[in-house]
Amino acid sequence: MVTVNQQRVLRKRTYLMCSPERFAVEYAINPWMDVATPVDAELAVRQWDGLRRTLVDLGHEVHLLTPEPGLPDMVFAANGAFMVDGTVYGARYKHEQRAAEAGLHRAFYEAHGWRFIAPGETNEGEGDFAYLPEAHGGLILAGHGFRTELPAHAEAQEALGRPVVSLHLVDPRFYHLDVALASIDDGNVAYYPGAFSAASQQVLAQLFPDAVLADDADALAFGLNLVSDGANVVLNGAATRLAGRLKAAGYTPVPVELSELKKGGGSVKCCVAELRL
Ligand code: ARG
């Protein structure tokens with residue numbers, strides 16, 4: 001299904017999500033997590049389900065993973081793998097608390113018969129990898145500095161056969177690429193320059209002269225942790241100026257509320273892995 005929305009074109013997507021039924025903040029592995037702040041898991045499920053319904057109502061297919069006891073961060077399904085052209089490059093989590101999630105994602109992909117490549121290097125899937133099918137014929141952007149390690153970028157390039165551009169994250173609040181940068185369509189991105197080293201900012205400016213830039217407040221509101229289908233941009237409702245900039249660029253912002261999951265250090269994109277079949 002292709003519909004034209006102003007000048008922007010929606011491409012139907014296939015996503016993978018995992019309900020936050022077992023979501024909790026039991027450990028702190030990023031600066032947003034505070035084990036002393038209570039989490040309302042019921043509210044988290046309601047907010048997450050609002051996101052799931054939003055994506056379904058926009059015409060997209062959403063697969064579900066079953067949440068497992070003892071894995072309170074499983075709701076952040078984007079970290080479990082990175083799929084391009086039907087090939088899946090598996091994740092290998094940095095922190096031991098999340099390590100077991102990788103096998104559950106692997107089992108999901110293998111059950112569907114998709115080609116799965118097991119990683120040798122530490123990487124957190126779509127948390128640190130983004131794919132732009134129409135930038136330079138198909139470009140992977142990859143973050144390093146906090147979670148995914150640099151050798152994983154080369155491993156992903158070999159696994160997926162697409163050029164990988166390494167970007168250095170330098171601010172611990174933006175510990176994954178997907179909290180600092182998002183693809184907004186097949187060839188363009190939105191990002192927060194301050195999350196990147198000066199050299200990586202220069203690389204991004206060269207590759208994406210028409211990028212939509214977020215300010216500090218919208219980036220800290222997790223505005224960039226968004227999911228776009230090329231026309232509709234589903235993003236955290238608190239990022240109001242970014243929503244305005246996306247609208248001015250011809251996209252339709254679709255705000256959602258995910259306050260509970262922010263306590264785990266994530267928002268829209270963290271909850272949604274894209275299956276690029
Ligand atoms: N608590 C999780 C962690 O620190 C949050 C993961 C957020 N996911 C993301 N794709 N940025 O690993």
Side-chain angles (χ1 to χ4, degrees), residues 15-39 41 44 47-48 51 65 67-68 70-83 89-102 104-105 122-131 140-149 152 156 167 169 171-183 189-192 195-196 214 219-228 234-236 239 256 258-275:
Y15 297 123
L16 175 65
M17 297 179 68
C18 178
S19 163
E21 280 151 60
R22 303 186 180 273
F23 173 63
V25 179
E26 291 168 357
Y27 48 78
I29 56 174
N30 69 55
W32 303 91
M33 299 175 88
D34 174 5
V35 292
T37 304
V39 168
Q47 293 178 336
W48 173 89
L51 170 61
L65 266 187
E68 287 279 321
L71 295 173
D73 271 337
M74 249 190 103
V75 58
F76 300 116
N79 300 129
F82 177 51
M83 185 180 201
Y89 174 55
R92 184 164 155 177
Y93 290 80
K94 173 176 175 126
H95 296 102
E96 170 238 303
Q97 292 97 325
R98 298 194 67 189
E101 294 179 42
L104 299 166
H105 282 264
T122 299
N123 83 88
E124 298 197 346
E126 294 205 325
D128 275 319
F129 288 107
Y131 185 56
I140 294 171
L141 302 180
H144 69 98
F146 297 102
R147 298 291 183 88
T148 296
E149 288 173 11
L167 300 167
L169 295 162
D171 181 332
R173 296 170 300 176
F174 302 97
Y175 59 94
H176 273 145
L177 181 68
D178 74 357
V179 290
L181 176 146
S183 72
V189 295
Y191 66 96
Y192 171 59
F196 298 93
L220 288 168
F222 280 159
L224 290 161
N225 194 244
L226 60 81
V227 168
S228 174
V234 182
L235 83 171
N236 196 296
V256 292
L258 285 175
S259 61
E260 286 312 292
L261 294 176
K262 193 171 190 216
K263 297 174 183 170
S267 188
V268 177
K269 171 59 200 167
C270 299
C271 296
V272 181
E274 183 169 345
L275 310 184

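Sequential numbering from 1 along the given sequence is applied to the chain's residues. Source: prediction; values computed, not measured. Counting starts at 1 for both ligands and their atoms, in listed order.
Looking at E124 next to ligand 1, no N or O pair under 3.5 Å apart turns up. Polar contact with ligand 1: present for D178 (N/O pair, distance under 3.5 Å). Distances between N or O atoms of C270 and those of ligand 1 include no value under 3.5 Å.
In this structure, K269 contributes its side chain and L224 its backbone to no donor-acceptor pair below 3.5 Å. Using a distance-only test at 3.5 Å, with no hydrogens or angles considered, a donor-acceptor pair links the side chain of D128 to the main chain of T148. Put simply, the side chain of Q47 gets close to the backbone of E260: a donor and an acceptor are under 3.5 Å apart. Looking at R98, its side chain does come within 3.5 Å of a backbone N or O of D73 through a donor-acceptor pair.
Contacts with ligand 1 closer than 4.0 Å are made by no heavy atom of H95, backbone or side chain. Counting heavy atoms closer than 4.0 Å to ligand 1, residue E126 contributes nothing at all.
Taking the six-membered ring for Trp and the full ring otherwise, the centers of W48 and F23 sit at least 6.0 Å from each other.
Atoms of ligand 1 found under 4.0 Å from any heavy atom of G127, numbered from 1 in the order shown, are 10 (N). Residue contact check: M33 has heavy atoms under 4.0 Å from atoms 1 (N) of ligand 1. Taking every non-hydrogen atom of G264 and a distance limit under 4.0 Å, the qualifying atoms of ligand 1 come out as 1 (N), 2 (C), 5 (C). For ligand 1 and R147, the ligand atoms under 4.0 Å from any heavy atom of the residue are 3 (C), 4 (O), 12 (O). Remark: ligand 1 atoms within the under-4.0 Å shell around heavy atoms of I29 are 3 (C), 4 (O), 12 (O).
Taking a 4.0 Å cut-off on heavy atoms, Y175 registers as neighbouring ligand 1. Look at K269 and you'll find every heavy atom at least 4.0 Å from all atoms of ligand 1.
Residue, atom and distance of the protein heavy atom nearest to atom 12 (O) of ligand 1 are R98 NH1, 2.7 Å. Scanning all protein heavy atoms for the shortest distance to atom 2 (C) of ligand 1 gives D73 OD2, 3.4 Å.
By the 30° and 60° cut-offs, the orientation of the rings of F129 relative to F82 is parallel. In this structure, F174 and Y192 have tilted ring planes: the angle between them lies in the 30° to 60° band.
Here the CG-CZ distance, from D171 to F146, works out to 6.5 Å after rounding to the nearest 0.5 Å.
Across every non-hydrogen atom of A78 and A273, the tightest pair is CA-CB, 4.0 Å.
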